[in-house]
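Here's the structure, in structure tokens; my notes come after.
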Amino acid sequence: MIQNFTLGLIVLLVEPKGFQNLASQDLNKKIQKTLRKLSPIHREVLKFSAEQELTYKEISEKIKVPVGTVMSRLFYARKQAQKIYNSLK
């Protein structure tokens with residue numbers, strides 16, 4: 001099961017106004033739904049970055065890919081997560 005992510009991930013997904021308007025439980029459900037819709041590769045790098053607060057280099061070593069690949073995956077993971085989040089009702 002996907003664990004709760006840090007406030008950093010929430011800030012990446014939600015504009016401040018949206019954050020104020022959502023109840024904590026609703027926000028958590030929406031974030032969990034967003035994360036489930038991400039590809040496993042994107043979910044993995046977001047987890048390491050946001051939840052475990054690992055550096056690009058640490059993530060790179062953990063998943064055995066170059067740092068540039070980690071950076072690219074995080075960029076696209078955040079972009080896709082934001083798109084998914086904003087499409088949810």
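Treat the numbers as computed from the prediction; the structure is a model and nothing was measured. In this chain, residues are counted from 1 in sequence order.
- Rounded to the nearest 0.5 Å, atoms NE2 (His42) and NZ (Lys79) are 11.5 Å apart.
- Atom CG of Leu88 has more than 12 heavy atoms from other residues, nucleotides or ligands within 6.0 Å.
- Put simply, the side chain of Gln32 reaches to within 4.5 Å of the side chain of Arg36, judged on heavy atoms.
- Hydrophobic clustering, with ILVMFWY side chains joined whenever heavy atoms are under 4.5 angstrom apart, groups Leu46 together with Met71.
- Scanning both residues, Lys30 and Tyr85, for their nearest heavy atoms gives CE-O, 3.2 Å.
- Nearest heavy atoms, Ser60 versus Pro66: OG-C, 3.7 Å.
- Residues Leu74 and Ile41 are members of separate hydrophobic clusters, defined by side-chain heavy-atom contacts under 4.5 angstrom among Ile, Leu, Val, Met, Phe, Trp and Tyr.
- Here Ile63 contributes atom CD1 and Thr69 contributes atom OG1; the two are 8.0 Å apart, rounded to the nearest 0.5 Å.
- Atom OG of residue Ser49 and atom NZ of residue Lys47 lie 12.5 Å apart, to the nearest 0.5 angstrom.
- The two residues Ala81 and Leu38 make their nearest non-hydrogen contact at N-CD2, 3.8 Å.
- Residues satisfying the side chain to side chain donor-acceptor pair (under 3.5 Å) test with Ser72, not counting sequence neighbours, are none.
- When all heavy atoms are compared, the tightest approach of Ala77 to Val45 is CB-CG2, 4.2 Å.
- Between Lys29 atom NZ and Thr34 atom OG1 the span is 14.0 Å, to the nearest 0.5 Å.
- Identified under the salt bridge (Lys or Arg N to Asp or Glu O under 4.0 Å) test for residues 60-76, with sequence neighbours left out: Lys57-Glu61.
- Put simply, CD1 on Ile84 and NZ on Lys33 are 12.0 Å apart, with the number rounded to the nearest 0.5 Å.
- Cluster membership check: Val65 does not share its hydrophobic cluster with Tyr76, using side-chain heavy-atom separations under 4.5 Å among Ile, Leu, Val, Met, Phe, Trp and Tyr.
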